[in-house]
Trainee: 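Dropping the structure in here first, questions after.
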Protein chains: 2
Amino acid sequence: MGEFELIRRHFQRHTQPQPAQVVLGIGDDCALLQPAPGHQLAISSDMLVQGRHFFADVDPAALGHKALAVNLSDLAAMGARPLGFTLALALPQADNAWLSAFAQGLFALADTHACPLVGGDTTRGPLNICITVFGELQPGQALRRSAAQPGDDLYLSGRTGEARLELELLLGTDWAQHHTLPGALHRLRPRLERPTPRLALGQALAGLAHAALDLSDGLAGDLGHILHASGVGATIHQALLPVAPDLQALPEAQRLDCLLHGGDDYELLFTAAPAQRAAVAAAAQTSQTPVQRIGHINAAPGLWLLNAAGEQATLSPRGFDHFG
Amino acid sequence: MGEFELIRRHFQRHTQPQPAQVVLGIGDDCALLQPAPGHQLAISSDMLVQGRHFFADVDPAALGHKALAVNLSDLAAMGARPLGFTLALALPQADNAWLSAFAQGLFALADTHACPLVGGDTTRGPLNICITVFGELQPGQALRRSAAQPGDDLYLSGRTGEARLELELLLGTDWAQHHTLPGALHRLRPRLERPTPRLALGQALAGLAHAALDLSDGLAGDLGHILHASGVGATIHQALLPVAPDLQALPEAQRLDCLLHGGDDYELLFTAAPAQRAAVAAAAQTSQTPVQRIGHINAAPGLWLLNAAGEQATLSPRGFDHFG
């Protein structure tokens, strides 16, 4: 199977109707998209490397899902509507079974969000998946990291920590093994491998929320980016953090580690004025996405955790660093 | 040096003014671009892998140039004007000297074409460079592979084969060693490592030429894509092919191999109606790009080479195939 046959067989979809924004898809020097009149273009790119972002034996369908999901999550965090994506793929060999499953996982998510594959590149090399995604939004509506304001409420979609716990279970580390409920390894797998990009929520928040980002490197570390970009501080109320049933069984230190420094959550973290609480609740409802107020933004810099006893402690915004 | 410090030090440019189309650059979940009203967006993505697209000891400045050049060349082939690009980079380690030179080569070319880096990703892994580039053009002006018409003239910018000859010299193969002029290895290096994207020519041809593409896998093989997409054939006149001085010394079979199947040329191959010869010449002149008519398009399928003696032979459209 040659390069063009590989693309034709696995990535060109001859029966799928092209969404209206696609003027020209796979097969030319460039793809051509037509954004809505006057709209801005939102762009994000993520590269996934074997052994770094996923295990060599990961289900290829899950990998196809996740490679696109982490990019769509960036569009969600900006409040953008997806237009399409490109896929650049380095493969050690052309394995039809692997490619077929990868494409199935990829396209299932792409179809859910009407986000077509419009172009890309395939080459031979150590397994590497680079997706670049394009979205559109109206000028002035983007949810920027720099827009948090003192007094804002701090919100979280869904809940954090389950992906991290699953990673510990897969790695067979000590602290996870001894404190988890039966069946957790199997039950939590989708939380690590098949994150849900919160696109409907992000679009409902555009023009309503102030700052937003998606959580990839842990709640505390990613919140640090908002605080730094906005020149503000924040307090997280520990009692308000949603805790998944599988995290209840963990000792408190490990539970907090999952909740605050877990990574791979792909939930939205955002701020909004207290006057917008009803509007935020309505956005959560129309997008059918659980949203929880977990703290607030302070004028003074610093990140604080307020525990159930009413004690405040500084929180280190350590996140994951590929070169740390 | 951590991931964010790496980006800040090498890829964020604090003194460079942002072009008007960049609403938001590096540092948020997405970059934001504002295309001109009513314009279409042209997108291309290329992934470069060590050992496949470049040697491990390549000058990192040349690599930075080439990684962007091959993408800009795709915009040129579509007739689009550059808006910006993203860079996803997997690195075995954070090497400041290497990164500094890579960024220098990358930004020198980006600045030449007012094409800013707006976002991307960095991670640890086997060296892999994935650039996605964005351009804009007016609806209906794109130069598509499928637009060649019987009777069209066939044109080539610049000349082909020098990159291939340099590759043979670097590899130390037999046939290149014995038939090259003194100093060729040094003289031809930029032809392999620093291709010139023909952006000004491509934009001058938008709405004027019919089909176009950029040559990456060899003249004959890439012309085959136009013929296939357009449902036509072509005849190349061997006597009209521009031959670089360094190719003159090669035996004819090897010279033809370079000219027709060389690869890595990044010249534009395009077709236009014979009535447009003066307009094509004017486009070549305003863009200060050498352009040569090298043949014509036929209604009947098939690719033919007409030699100086007036004999026709079929030409195999074999190009490079990463999985062939």
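To find a chain, count down the sequence lines: A is the first, B the second, and so on, and within it residues start at 1.
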Trainee: Considering non-hydrogen atoms only, spot the tightest contact between A:Gln34 and B:Pro139 and give its length.
Mentor: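 Closest pair (atom of A:Gln34, atom of B:Pro139, distance): OE1-CG, 3.9 Å.
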
Trainee: Can you tell which of B:Ala88, B:Gly51, B:Ser44 has the highest number of heavy-atom pairs within less than 4.5 Å of chain A?
Mentor: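 Looking at each option in turn, the highest pair count goes to B:Ala88.
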
Trainee: Given heavy-atom pairs under 4.5 angstrom as the criterion, report whether the side chain, backbone, both or neither of A:Leu143 touches chain B.
Mentor: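 The answer is the backbone of A:Leu143.
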
Trainee: Between B:Leu75, B:Leu213, B:Val133, B:Leu48, which shows the greatest number of heavy-atom pairs under 4.5 Å with chain A?
Mentor: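 That would be B:Leu213.
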
Trainee: Which one, B:Leu33, B:Leu137, B:Ile43, leads in non-hydrogen pairs under 4.5 Å with chain A?
Mentor: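 Option with the top pair count is B:Ile43.
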
Trainee: Is it true that A:Asp28 and B:Arg144 have a side-chain N and a carboxylate O under 4.0 angstrom from each other?
Mentor: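 The answer is no: the pair does not qualify as a salt bridge.
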
Trainee: Provide the closest heavy-atom pair for A:Ser45 versus B:Asp121 in the form atom of the first, atom of the second, distance.
Mentor: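 That closest heavy-atom pairing would be O-CB, 3.5 Å.
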
Trainee: Measuring only between side-chain heavy atoms, which start at C-beta, is B:Leu83 closer than 4.5 Å to A:Leu41?
Mentor: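 No, their side chains stay 4.5 Å or more apart.
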
Trainee: Output, in order, the C-alpha distance, side-chain angles, deciding distance and verdict of side chain to side chain contact (heavy atoms under 4.5 Å, CB included) for A:Cys30 and B:Asp74.
Mentor: CA-CA 6 Å; A:Cys30 292; B:Asp74 283 315; 4.2 Å; yes

Trainee: In terms of heavy-atom pairs under 4.5 Å with chain A, which of B:Thr86, B:Val49, B:Asn128 leads?
Mentor: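 Highest number of heavy-atom pairs under 4.5 Å: B:Asn128.
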
Trainee: At a heavy-atom separation under 4.5 Å, does A:His225 approach chain B through its side chain, its backbone, both, or neither?
Mentor: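 Only the side chain of A:His225 comes within 4.5 Å of chain B.
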
Trainee: Can you tell me how far apart CG (A:Asp46) and SG (B:Cys130) are? Round to the nearest 0.5 Å.
Mentor: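 Here the rounded value is 11.0 Å.
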
Trainee: Do you know which two heavy atoms are closest between A:Ala142 and B:Leu32, and how far apart they sit?
Mentor: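 In terms of heavy atoms, the two residues are closest at CB-CD1, 3.6 Å.
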
Trainee: Are any non-hydrogen side-chain atoms of B:Thr132 and A:Phe134 less than 4.5 angstrom apart?
Mentor: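 In short, these two side chains touch, coming nearer than 4.5 Å.
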
Trainee: Tell me, for A:Ala212 versus chain B, whether the close heavy atoms (under 4.5 Å) come from the side chain, the backbone, both or neither.
Mentor: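 The backbone, not the side chain.
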
Trainee: Count the heavy atoms belonging to other residues, nucleotides or ligands that lie under 6.0 Å from NE2 of A:His39, then report whether that count exceeds 12.
Mentor: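 For A:His39, atom NE2 is crowded (more than 12 foreign heavy atoms under 6.0 Å).
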
Trainee: Ignoring hydrogens and geometry, is there a side-chain-to-backbone donor-acceptor pair from B:Gln40 to A:Pro35 under 3.5 Å?
Mentor: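 No, the answer is negative, given that no donor and acceptor are paired below the 3.5 Å cut-off.
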
Trainee: Based on non-hydrogen pairs under 4.5 Å, which of B:Met47, B:Glu5, B:Glu136, B:Gln50 is most in contact with chain A?
Mentor: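 The candidate making the most pairs under 4.5 Å is B:Met47.
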
Trainee: Quick check on A:Leu24 against chain B: is it the side chain, the backbone, both or neither that has a heavy atom closer than 4.5 Å?
Mentor: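 Side chain of A:Leu24 only, per the 4.5 Å heavy-atom cut-off to chain B.
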
